[in-house]
Amino acid sequence: MFEDKSFKSKPVKHGRRGSRGVRFLALLLAMAAFLLQALPVNANVAISSPSVILIESSTGEVIYEVNSTERRSPASITKIMTLLLTFEAVAAGKISLTDQVTTSEHAASMGGSQVYLAQGEVQTLDTMIKCIAVSSGNDASVAVAEHIAGSEEAFVALMNEKARELGMTDTHFEDCCGLSDSDNHYTSARDVAIMSRELTVNHPDIFNYTKIWMEDITHETRQGTSNFTLSSTNKLLKQYQWTTGLKTGSTSKAKYCFSATASKDGIDLIAVVMGAPDYKTRFGDAQALLTYGFSVCNIYIDENQDVLAPLTVEGGTAEEAGICYQGEFRYLDIVGNDLSVVEKVLELPEKVQAPVVKGGEAGRARYFLNGTEIGSVPVFYTEDVEKALYSDYVKKLFFEFLL
């Protein structure tokens, strides 16, 4: 706080004008208090990197950002998309972690960060993922890309297709590892956060790799067998106890980049730093963002596990239709609200007319905080109920007569 030594207080004159002055001063103080309260909470974060973003992972909500859509060279954080497509291919059954991945001449020729795979060397996909996630191996990235798509070029086409699918509007890839200095190989902090979230939320097994600090692999080539130690490029693993990943990157053009993930007390955060001037700033800014995020984040979660009573159906082949929630509800608060007062209001009709279609929306569960709606979750029908025909009514009367 700066002290203005030129300011001198004056005695307040009592009377009508003095009362107005007091009221005016009170009004100013009230306005000041309101403005201070309304200031964005991210105003307190001290960073030096030109482009950053901080998001909460489970909701995707942005907590803090500076120039987050600015297009920049990403260096090796390009590999986040490579890892995402790899895990998607594993999940789809197209490839397996036990696959034998052969290193081509092209893959072995990669410069920059590498694990020194030789042409013709074979490693399991599991080992190749470690080489990418831990030591940022460019050679391993290309070998995996070729294993999945047949060529790096074809794999890069898949990367760009996935970027479009995810709404990464400020991204275009030209390689699968980030070595390219081309102006046409770019992304943004916001887009990096999008693909980082897609990878970590849908494929949490990635953390089995990104939490590794050091691990040995074995090279088996024509020259013989040798051990090689993978050493993590993510120094935050040793500097910040809640770190879980994710990927670093640096080139002379991109400078120092980082997509950092961390988890604490049920809060999962992703902090993306791009264009940091040096590696210390990269890690310092990421840690500052994560620390800030954990200090302000609070999440309300309703798992919606309660069983809902079926709805009455009129004019249908069945008298009731089952219903269920679409899923859980999450709300991220960063301004200190008391989330224990969140109210849930279930909006459902007393009865519905047939036909009823499975998967159709029956109603909603709405959530309110201090009288303001903060979100909702759809309630869906769990079964079809067709409209009853004349023959259905005849059958019903017949069975009722028998009973």
Side-chain angles (χ1 to χ4, degrees), residues 74-163 173-182 185 195 199 203 205-210 212 214-234 245-251 259:
S76 281
I77 55 176
T78 296
K79 296 184 178 80
I80 296 171
M81 181 60 84
T82 299
L83 289 167
L84 171 58
L85 292 183
T86 301
F87 275 86
E88 285 190 341
V90 171
K94 296 177 180 178
I95 57 175
S96 167
L97 293 176
T98 58
D99 279 7
Q100 301 294 301
V101 180
T102 302
T103 305
S104 68
E105 179 181 3
H106 174 57
S109 70
M110 291 295 106
S113 178
Q114 54 187 308
V115 293
Y116 303 100
L117 297 170
Q119 180 181 351
E121 181 176 347
V122 178
Q123 297 283 357
T124 64
L125 178 63
D126 180 67
T127 297
M128 287 292 195
I129 292 174
K130 290 176 184 177
C131 294
I132 299 170
V134 179
S135 291
S136 194
N138 295 323
D139 43 4
S141 297
V142 174
V144 169
E146 292 173 337
H147 181 72
I148 294 174
S151 69
E152 183 182 12
E153 181 181 7
F155 187 82
V156 171
L158 295 178
M159 294 171 69
N160 286 316
E161 181 181 335
K162 188 65 180 181
F173 298 111
E174 289 205 336
D175 68 29
C176 67
C177 58
L179 267 178
S180 176
D181 278 336
S182 168
H185 185 88
M195 65 178 175
L199 172 61
H203 308 283
D205 284 350
I206 183 62
F207 294 128
N208 296 334
Y209 301 91
T210 59
I212 296 173
M214 282 188 176
E215 186 170 316
D216 287 346
I217 64 169
T218 301
H219 287 298
E220 293 183 2
T221 65
R222 294 176 182 176
Q223 287 70 40
T225 301
S226 61
N227 289 332
F228 180 82
T229 300
L230 302 176
S231 181
S232 179
T233 59
N234 183 1
L246 179 64
K247 192 71 198 72
T248 63
S250 62
T251 62
S259 179

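Computed from a prediction, not measured in an experiment: that's the story for all the values here. Because only heavy atoms are used, hydrogens play no part in the values below, and waters and symmetry mates are left out as well, while side chains stay in.
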Query raised in the report: Between E88 and K94, is a salt bridge (Lys or Arg N to Asp or Glu O under 4.0 Å) present by the stated rule, with each step listed?
Result: CA-CA 9 Å; E88 285 190 341; K94 296 177 180 178; over 6 Å; no
**Report entry** Candidate pair V142 and C176, rule side-chain contact (heavy atoms from CB on, under 4.5 Å), full reasoning
**Finding:** CA-CA 7 Å; V142 174; C176 67; 3.8 Å; yes
Report task. Examine the side chains of S104 and E146 and answer whether a donor and an acceptor come within less than 3.5 Å of each other. Result -> yes
**Report entry** Pair S96, T98: side-chain N/O donor-acceptor within cut-off below 3.5 Å
**Finding:**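 Note: S96 and T98 side chains meet the donor-acceptor criterion.
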Looking at [atom1] of [X] and [atom2] of [Y], how far apart are the two atoms once the value is rounded to the nearest 0.5 Å?
| X | Y | atom1 | atom2 | value |
| --- | --- | --- | --- | --- |
| N227 | D216 | CG | CG | 5.5 Å |
| I95 | L85 | CD1 | CG | 9.5 Å |
| T127 | Q100 | OG1 | CD | 9.0 Å |
| L117 | I217 | CG | CD1 | 6.5 Å |
| L230 | I212 | CG | CD1 | 7.5 Å |
| Y209 | E215 | OH | CD | 10.0 Å |

Query raised in the report: Would one find more than 12 heavy atoms of other residues, nucleotides or ligands at under 6.0 Å from atom CD of E105?
Result: no
Query raised in the report: Between T251 and D181, does a side-chain contact (heavy atoms from CB on, under 4.5 Å) hold up when you go through it step by step?
Result: CA-CA 8 Å; T251 62; D181 278 336; 4.2 Å; yes
Give a yes or no on whether the backbone of [Y] and the side-chain of [X] come within a donor-acceptor separation of less than 3.5 Å.
| X | Y | value |
| --- | --- | --- |
| K79 | C177 | yes |
| T103 | E121 | yes |
| E152 | H106 | no |
| N138 | G111 | yes |
| D99 | L125 | no |
| S135 | G137 | no |
| S113 | S136 | yes |

Query raised in the report: Please walk me through it: do T225 and E220 pass side chain to side chain donor-acceptor pair (under 3.5 Å)?
Result: CA-CA 5 Å; T225 301; E220 293 183 2; 4.8 Å; no
Report summary line: For A108 and A118, the nearest pair of non-hydrogen atoms, with its separation, is CB-C, 4.1 Å
Requested in this report: Verify side-chain contact (heavy atoms from CB on, under 4.5 Å) between L246 and L199, making sure each step is shown before the conclusion.
Outcome: CA-CA 10 Å; L246 179 64; L199 172 61; 4.1 Å; yes
Query - Aromatic ring proximity H185/F173, centre distance under 6.0 Å - result: yes
Query - CA sep, side-chain torsions, deciding dist, call: K162, L158, side-chain contact (heavy atoms from CB on, under 4.5 Å) - result: CA-CA 6 Å; K162 188 65 180 181; L158 295 178; over 6 Å; no
Report task. With side chain to side chain donor-acceptor pair (under 3.5 Å) as the test, would you mind laying out the steps for T248 and N234 before giving the verdict? Result -> CA-CA 6 Å; T248 63; N234 183 1; over 6 Å; no
Query - S76 vs K247 side-chain heavy atoms within contact, under 4.5 Å - result: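 Of all side-chain heavy-atom pairs linking K247 with S76, at least one is under 4.5 Å.
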Query raised in the report: Quick one: does V144's side chain get under 4.5 Å of I129's, heavy atoms only?
Result: no
Query raised in the report: Which word best sums up how the rings of Y116 and F228 line up, parallel for under 30°, tilted for 30 to 60°, or perpendicular for over 60°?
Result: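 The rings of Y116 and F228 stand perpendicular, inter-plane angle above 60°.
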